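Worksheet for the structure shown next.
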There are 2 protein chains.
Amino acid sequence: MYNFEKNIKMTSLTEEDYIKAIYKLYRIKNKPVSTNAIAEVMEIKPSSVTDMIKKLSAKGFLEYEKYKGVSITEKGKKKALQIIRKHRLWEFFLVEKLNFKWDEIHVIAEQLEHIDSDELIDKLEGYLNYPKFDPHGDPIPDKHGNITHHKDFTVFDLEEGKQAVILGLKTDNADLLKFLDTHQIKLQDTLKVLAKNKFDNSVSIEINGKQINFTEKTAKNIYVKTIK
Amino acid sequence: MYNFEKNIKMTSLTEEDYIKAIYKLYRIKNKPVSTNAIAEVMEIKPSSVTDMIKKLSAKGFLEYEKYKGVSITEKGKKKALQIIRKHRLWEFFLVEKLNFKWDEIHVIAEQLEHIDSDELIDKLEGYLNYPKFDPHGDPIPDKHGNITHHKDFTVFDLEEGKQAVILGLKTDNADLLKFLDTHQIKLQDTLKVLAKNKFDNSVSIEINGKQINFTEKTAKNIYVKTIK
DNA sequence: ATTTATTTTTAGATTTGTCTAAATTTTATT
DNA sequence: AATAAAATTTAGACAAATCTAAAAATAAAT
Ligand SMILES: [Mn+2]
Ligand SMILES: [Mn+2]
Ligand SMILES: [Mn+2]
Ligand SMILES: [Mn+2]
């Protein structure tokens, strides 16, 4: 009953969240990430970030040059992909097995991703039948950290008249997900761009027989691939 | 993607481990628990315990009188049973769905028990079909904290010649579990006490057609009920 | 009833992760 | 190129959870 069995994790929950955030920022910009950018997405102060990136560089997860921003090392990338893998597998579990809705799972997965057990995550993956995408359409890295990212091509990038299929979402933000639910929009749905509105940069689309106007922000958060 | 969505838990992982340990100690002794006893099961120093029990008393989980030990309040008991509920439901999940062996699950459940989401645990319970006992035979509290404990009656308490069924284990210790595996002993197996050995307090039993000698320590960790 | 041993608490230090305020460096603007 | 603005780092403080060493209280033994 009383085996607290010292949980000797090599990375703290906090460090893991930093590594993940920095990995994601670095991946989209593909150049050193600024202290402020990290502080912003993590909702903490830049001075805290400075301390932590020093520590994570010392541990070999990041490469850091004072005042020049940080990039992620191979070691850091591997760690980040492990955490992302766990996050997305747990999200899949929550939706497929426990019947959560896709806007309810991110916060829970944010905790579950830090559970430390390789065996657990590998067995979970098998139990779920090796899913390739999470409920938001994001690809799930395999146990070696291999992953194929979505092309950075969104509804906003479509030209008028083009047809496309929804592949995934750039964010797990619950409000976006609820908005899509409201309009019965799901992954794999087909849409057609009716008009790109110059005035406010919104995009008018037709989807499932209905017409909807996406704001620029919304349009830029939905990954698509064109068809035919 | 970047919603760290501040995890505002009312109790830290550490506080939860204290509350659980103190609840368990108080339950078996049914009188104030000593600082040293807590330090011992948690494998930390008594001075650390003193600090924490002050804090947990201030928060209303414990009742503490200097130099007189601590007891658990109703609020503390409720919190402890919530954590125990989570621990045991996750253990059940790990064995039944992910095919872990019963000696591998405790350490993982020790982490999972701190995941903060009532909805998660209630859905998990439903998914598992409302199990009443965990893989070690320990009862799982319901969502209101109701639980029926095993009577404190072990193999060691059986008289010579008595037959009994194994109900559960007092500890999740992996070494005990592996020992039982080695001899193919499972929950619900029937055993018969062949002899109680005065010399070393060991107990000779017959189980599944085989004969085995339990040390006092082992015998005292196996809950049983007599039959006929 | 003293003395001794044990238990418990206090005092002070340490590590982790955060903050504010000030100093420094880099970047942008005149 | 000098100045202003923005970004980044440093310095110092704080809360949480732990530790060691010393002091105080309680319990046990003479
Ligand atoms: Mn997280
Ligand atoms: Mn997702
Ligand atoms: Mn725990
Ligand atoms: Mn158990």
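Just so we're on the same page: letters track the sequence lines, and every chain starts at 1. What you see is a predicted model; the values in this text were computed from it and never measured.
What separates CG of B:L56 from P of D:dA16 is a distance of 12 Å, to the nearest Å. Between the C1' atom of D:dT20 and the CD1 atom of B:I44 lies a distance of 15 Å, rounded to the nearest Å. Atom CE in A:M52 sits roughly 12 Å away from atom C1' in C:dT15 (whole-Å rounding). Whole-Å rounding puts the A:K45 NZ to D:dA7 P distance at 14 Å.
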Please list every donor-acceptor pair under 3.5 Å in which a side-chain atom of residues 144-153 of chain B meets a protein atom from a residue at least two apart or in another chain.
| unit_1 | atom_1 | unit_2 | atom_2 | d |
| --- | --- | --- | --- | --- |
| B:N146 | ND2 | B:D142 | OD1 | 3.4 |
| B:N146 | ND2 | B:D142 | OD2 | 2.9 |
| B:H149 | ND1 | B:R27 | NE | 3.4 |
| B:H149 | NE2 | B:Y23 | OH | 3.3 |
| B:H150 | NE2 | B:G137 | O | 3.2 |
| B:D152 | OD1 | B:K170 | NZ | 3.2 |

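Ion pairing between a basic and an acidic side chain is recognised when a charged N comes within 4.0 Å of a carboxylate O; A:R85 and A:D122 show such pairing.
Residues satisfying the ring pair (Phe, Tyr, Trp, His ring centres under 6.0 Å) test with B:F61, not counting sequence neighbours, are none. For A:H114, the ring pair (Phe, Tyr, Trp, His ring centres under 6.0 Å) test picks out no residue, with sequence neighbours left out.
For A:Y18, no side-chain nitrogen or oxygen approaches OP1 or OP2 of C:dT16 to under 4.0 Å.
Within the structure, side-chain hydrogen bond (donor to acceptor under 3.5 Å, both in side chains) pairs that include any residue of residues 68-78 of chain B do not occur (at least two apart or interchain). Note on residues 93-106 of chain B: pairs passing salt bridge (charged side-chain N to carboxylate O under 4.0 Å, His left out), not counting sequence neighbours, are B:K101-B:E104.
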Readout for nucleotides 6-13 of chain C: B = base within 4.0 Å of protein heavy atom, S = sugar-phosphate only, - = neither; 5' to 3' it is -SBBB---
